[in-house]
Number of protein chains: 2
Amino acid sequence: MTGAKDFLYPEKWLSKASSGDRVAYELRMRIISGMIESGAILSENKLAADFEVSRSPIREALKILASENLIRLERMGAVVIGLKEKEIEEIYDVRLMIESFVFERLVRMDTRELAIELSKILEMMKVAIKYQDADEFSYQDVLFHETIIRYVDHSYILMIWNNLKPVMESFILLSMRMRFEEKYEDFTRIINNHELYIDAIRTKDRNLMIKSLHQNFDDVQGKVEDLWSSQQMLSKGAEQQDD
Amino acid sequence: MTGAKDFLYPEKWLSKASSGDRVAYELRMRIISGMIESGAILSENKLAADFEVSRSPIREALKILASENLIRLERMGAVVIGLKEKEIEEIYDVRLMIESFVFERLVRMDTRELAIELSKILEMMKVAIKYQDADEFSYQDVLFHETIIRYVDHSYILMIWNNLKPVMESFILLSMRMRFEEKYEDFTRIINNHELYIDAIRTKDRNLMIKSLHQNFDDVQGKVEDLWSSQQMLSKGAEQQDD
DNA sequence: TCAAGTATACTTGTATACAAGTATTATAAT
DNA sequence: ATTATAATACTTGTATACAAGTATACTTGA
């Protein structure tokens with residue numbers, strides 16, 4: 001099995017994860033990166049052999065990926081669905097939906113504390129850019145949105161987020177790794193946009209928030225076409241794996 | 001273990017379900033009905049003994065319930081969260097959110113076919129009322145909303161629904177069982193409201209749709225207070241288990 | 001009586017074993 | 001050559017076994 005030991009998912013993020021979770025994280029990356037193509041059929045036994053674990057954690061992982069709509073569990077093997085443009089758009093639909101919902105709650109709350117917290121995360125993102133740490137940047141980016149969502153304390157919205165987060169995280173990770181190599185100028189725009197978002201939260205400006213959300217979508221999705229074509233982005237995002 | 005063999009979930013709905021799914025369905029009912037109180041700690045071994053299966057399906061079930069926010073998996077035992085008023089409100093928040101989203105898609109589609117399909121389901125509901133079949137009524141009620149959601153063909157919205165559905169189904173099941181005994185007059189109102197919903201879809205009337213959605217919420221949630229108090233509804237909903 | 005340490009009875013996570021079912025392939029008959 | 005049947009190599013779902021870790025209770029010492 002050549003290259004079976006090169007993991008796409010940052011290993012330091014897996015410090016206390018179970019074997020099943022590790023497999024899920026890694027498989028997710030491979031599916032989203034296109035390394036495992038959509039339509040492929042995954043066998044529990046083969047995966048167990050590949051990852052050198054028993055079927056128990058593999059089954060766990062497959063259940064997780066199925067709940068994230070990345071694979072479809074059938075009577076004979078798991079069929080890879082993957083992330084095509086349609087799915088990415090749909091994910092952003094949902095993100096727009098839940099963040100809009102969250103914003104409606106935020107406008108009735110004291111958001112000063114949140115704004116401070118978000119500013120801190122934004123600083124972290126800037127540092128990550130400075131040191132060209134794509135993984136750290138992605139982590140903070142995801143954390144940014146999670147922080148907003150958690151702030152309203154809504155367990156079922158959080159449930160949705162929890163289902164969406166791993167896929168988003170993997171996608172962002174791959175996307176950012178590529179852009180650090182090829183589209184470095186993107187990041188000033190991303191940072192600006194996040195600043196806009198914080199302003200929207202601080203001033204409770206609904207339109208500004210929607211604007212920045214849409215812009216964020218364009219930032220990631222609008223550019224996807226050229227990134228995505230023939231899955232180049234993915235091999236690009238996949239090959240780099242620093243410290 | 002007295003009464004361990006009385007299942008709350010309709011067994012005929014479990015014809016080809018795996019053992020793990022069965023356990024999940026049943027545990028879900030017991031948690032939502034209050035038969036298992038929130039705060040209780042579930043042990044895999046005890047559950048395995050109770051349900052007379054091995055730990056494998058139990059673990060599977062617990063993972064499912066955790067993803068539905070009904071329990072919290074901790075290092076030592078699974079802690080029951082349950083459905084209190086807050087959670088029920090939150091579930092309806094999410095339902096309102098996704099059905100609103102779906103409606104926005106529907107207004108750009110040809111909804112005639114859907115309206116017909118919904119009318120059929122409504123007829124089924126009427127029959128279920130006539131024959132006082134609470135379980136069948138609940139099934140059709142859930143199907144009604146699922147049919148609407150599936151019609152727009154959005155895999156990530158469907159993903160949310162799939163996470164929400166089992167909890168909603170159980171809740172509706174328990175609620176309807178009780179009402180067939182005590183609040184029979186509720187059903188004409190529920191039927192009327194669903195007719196309103198179909199009209200909204202047919203005429204693509206956004207306001208009408210929101211109105212009927214809110215009304216539906218009031219129908220289930222607004223009355224919850226008295227149903228819910230001291231979990232009486234639940235034992236009521238639990239005891240009846242026909243044919 | 002109280003503190004410290006040890007023993008015990010839990011817990012989860014993973015590996016392995018087995019049963020039942022399904023697709024595929026090979027063989028045999030027409 | 002083609003179809004029917006049988007053998008084989010898969011598949012999943014479940015049970016069981018074991019290892020490592022954690023809380024509880026108990027014992028021992030002061």
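- Residue contacts shown for B:R59 include a base, since a base heavy atom lies under 4.0 Å away.
- We find that CG of B:L73 is positioned 10 Å from C1' of C:dT12, with the value rounded to whole Å.
- A cation-pi arrangement is not found for A:R22 relative to A:Y25, the charged atom failing to lie both closer than 6.0 Å to the ring centre and inside a 45° cone about the ring normal.
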Read 5' to 3' with Watson-Crick or G-U pairs under 3.5 Å, [ ] for crossing pairs and | for partners on another strand, DNA chain D gives ||||||||||||||||||||||||||||||
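- Across all strands, A:R55 comes closer than 4.0 Å to base atoms (heavy-atom distances).
- The separation between B:M76 atom CE and D:dG21 atom P is 12 Å, rounded to whole Å.
- Using a 4.0 Å heavy-atom distance criterion, A:S18 is classed as a sugar-phosphate-only contact.
- In this structure the side chain of A:E113 reaches within 4.5 angstrom of the side chain of A:Y151, judged on heavy atoms.
- Both A:R75 and A:P57 sit near DNA chain C, but only A:P57 has its closest nucleotide nearer the 5' end.
- Of the two residues contacting DNA chain C, namely A:D21 and B:S43, the nearest-nucleotide position lying further toward the 5' end is that of B:S43.
- A straight line from CZ of B:R22 to P of D:dT14 spans 9 Å, rounded to a whole angstrom.
- Among B:K165, B:R28, B:K63, the single residue meeting the side chain to side chain donor-acceptor pair (under 3.5 Å) criterion with B:E68 is B:R28.
- A donor-acceptor contact under 3.5 angstrom links the side chains of B:E90 and A:S155, judged on distance only.
- The phosphate of C:dA15 (OP1 or OP2) has a side-chain N or O of A:S54 nearer than 4.0 angstrom.
- In this structure, B:N45 reaches the C:dT11 phosphate: one of its side-chain N or O atoms is under 4.0 Å from OP1 or OP2.
- Atoms CD and CD1, on A:E74 and A:I41 in that order, are 7.5 Å from each other to the nearest 0.5 Å.
- Whole-Å rounding puts the A:E44 CD to C:dA15 P distance at 14 Å.
- At least one side-chain heavy atom of A:F137 sits under 4.5 Å from a side-chain heavy atom of A:I190.
- Between the side chains of B:Y9 and B:E169, at least one donor-acceptor pair of N or O atoms lies under 3.5 Å.
- The separation between A:E60 atom CD and C:dA15 atom P is 11 Å, rounded to whole Å.
- Atom CG of B:L47 and atom P of C:dC10 are 15 Å apart (whole Å).
- The CD1-C1' distance, from B:I58 to D:dT16, rounds to 15 Å in whole Å.
- Protein atom NZ of B:K63 is 16 Å distant from nucleotide atom C1' of D:dG13, rounded to whole Å.
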